[in-house]
Amino acid sequence: MSLSIHLTSNQRVLIVRLTGDLDHHTASDVRNRIEAELVKDIHTHLVLNLENLQFMDSSGLGVILGRYKQMSSKGGKMYLCSVQPSVFKLMEMSGLFQILPTYQDECSAISACEVAS
Amino acid sequence: MSLSIHLTSNQRVLIVRLTGDLDHHTASDVRNRIEAELVKDIHTHLVLNLENLQFMDSSGLGVILGRYKQMSSKGGKMYLCSVQPSVFKLMEMSGLFQILPTYQDECSAISACEVAS
Amino acid sequence: MNSMYRNVMELTFSSLSENEAFARIAVAAFISQLDPSLDELNDIKTVVSEAVTNAIIHGYEEHPEEQVYIRAEIQGTKITIQITDKGIGIDDIGQARQPLFTSKPELERSGMGFTIMENFMDEVTIRSKPGQGTTVLLVKQLKNHPQTMAN
Amino acid sequence: MNSMYRNVMELTFSSLSENEAFARIAVAAFISQLDPSLDELNDIKTVVSEAVTNAIIHGYEEHPEEQVYIRAEIQGTKITIQITDKGIGIDDIGQARQPLFTSKPELERSGMGFTIMENFMDEVTIRSKPGQGTTVLLVKQLKNHPQTMAN
Ligand SMILES: Nc1ncnc2c1ncn2[C@@H]1O[C@H](COP(=O)(O)OP(=O)(O)O)[C@@H](O)[C@H]1O
Ligand SMILES: Nc1ncnc2c1ncn2[C@@H]1O[C@H](COP(=O)(O)OP(=O)(O)O)[C@@H](O)[C@H]1O
């Protein structure tokens, strides 16, 4: 209820748009929805669009890191985009950007995936 | 903090615009601000613009009825305008509209005061 | 969420008028789990505001060292809210429930608090003893709403 | 609001993950009286979310019949928040505070909860006894803000 998850594709890039709050209660939904899509073996890369994410705590960091490990283990890329100030602060503080690049907008993140392919 | 009160004038009409929540905590501010203005004896009529009032309970009814009695006792008019659905429901239920007419917008309410003069 | 679902919260706070907004927002946030309509949410905020204001003004006569108690329970789609004070209590409950009756006209009270509670909720029960305090029990069955967000 | 101003609230709720959002919104609504900046409000919501989530996942291992307790106090512009569970407790508090340490990597925990609390608050005190439970005490002094709305 408090998080809405929207999945879409751009060629081999799975795009996940999150609206609302990402906490422990909603994190498992994010993991399950993404895994259910990835098992279809259509997508190589993952872009997480956080433009409409209002709130995130360390449970969000956990599910993002989990997806990052999953994509990396299969040789895929994962990027973030459109991170809002409050979420940015949390990510920066916890050093997430040292392993996970973030882009201004969805287009740039998708392009980065294509370059990486 | 939770209610902002904006006072302005149109000739002999005092216009009060409320933004936020009108409850017991904020009702006394409304009364005090209006009384402080009315003692100056510049205004004959009162228009309450509720376009940006998000919440109101029966303490709001009390302060509105108090101002209505005050204006009437001096032969002045008082009108409401731009009442939002949730506040409208409360006012209708409690029979407020039987004594206090409401108008679509501030202009119409001011005109009604002028006609009454 | 099946009909066996149960969730409870209890809230205690100082008898200060600035907590009226806090109390209604807290109860609304608790109820939000049921995905209520905006109308239902506003009704709940209004009745909580009425009962908490009564506890502060009438029960405790604005004594800030006193405490107001709220208990809210979700059972399936039924909401039960109890608002309690240990204040002066109500002598004549029948009179108190009358529309427009108020014991504090000098404070510009409208006397519509209980009438609004009765209109907005399915059940309103008042338990009160002079000198011991008052509990207002409010019950509402929410309609089931389709999820509004694509998910 | 002078420096002697004091306001207290206490909150108890079922150990259910849907109450994480409720708890942080309730505390934020309580704190709003001090007119905090958006940044301060978000910091408070985040640390409450961290501590409540820990109580639910670690303290009670997601047992829904248990209760989480919050006490929040405003003194002047200082906020003190206590989050308590009567759960399993913490053996080694020093280790628990380490960045990236988590006892539940299988649940994709990041191990950053306490680190975030320490970064966002002025003081973080952990009291815990194995088998008896955990209390996290969080203190923050708010900056004074000019009123942003014309009033
Ligand atoms: N918690 C309470 N403690 C003592 N008296 C109360 C309480 N709540 C209500 N009352 C009594 O019931 C009357 C009617 O309450 P209500 O309908 O809410 O109107 P109002 O608050 O405008 O007076 C009050 O004026 C008061 O005398
Ligand atoms: N309320 C609690 N009860 C028991 N153990 C806790 C509690 N809070 C934290 N811990 C322990 O401290 C560790 C670190 O907590 P934290 O930094 O929040 O990271 P995470 O929640 O991601 O594991 C937890 O993995 C757990 O072992």
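Within every chain, numbering begins at 1; the chains are lettered A, B, ... in the order of the sequence lines, protein sequences first and strands thereafter. In this text, all values refer to a predicted model and were calculated from it rather than measured experimentally.
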- Query: When only pairs under 4.5 Å are counted, which of B:His25, B:Arg31, B:Met56 shares the most heavy-atom pairs with chain C?
  - Reply: B:His25

Answer yes or no: is there a donor N or O on one side and an acceptor on the other, between the side chain of [X] and the main chain of [Y], under 3.5 Å?
X	Y	result
C:Glu40	C:Lys143	yes
B:Ser82	B:Leu50	no
C:Ser128	C:Gly133	yes

- Query: Which distance, rounded to the nearest 0.5 Å, do you find between the CD1 of C:Ile90 and the NZ of C:Lys129?
  - Reply: 14.0 Å

- Output for pair (B:Ser58 OG, C:Met112 CE), nearest 0.5 Å, gives 8.0 Å

Side chain / backbone / both / neither for [X] at chain B, heavy atoms under 4.5 Å:
X	answer
C:Asn19	neither
C:Ile57	side chain
C:Thr46	both

- Message: Only pairs of heavy atoms separated by less than 4.5 Å count here; which of C:Leu38, C:Leu16, C:Asp43 has the most with chain B?
- Response: C:Asp43

- Item | Test ring pair (Phe, Tyr, Trp, His ring centres under 6.0 Å) applied to C:Phe22 - qualifying residues, sequence neighbours left out | C:Phe13, D:Phe30

- Report the residue from B:Leu3, B:Leu53, B:Asn52 that forms a side chain to side chain contact (heavy atoms under 4.5 Å, CB included) with B:Thr19. B:Asn52

- Note on the structure: For residues 66-77 of chain B against chain C, heavy atoms under 4.5 Å, the residues are B:Gly66, B:Arg67

- Measure from NZ or CZ of C:Lys45 to the centre of the six-membered ring of C:Phe120 and say whether it is under 6.0 Å with the direction within 45° of the ring axis. no

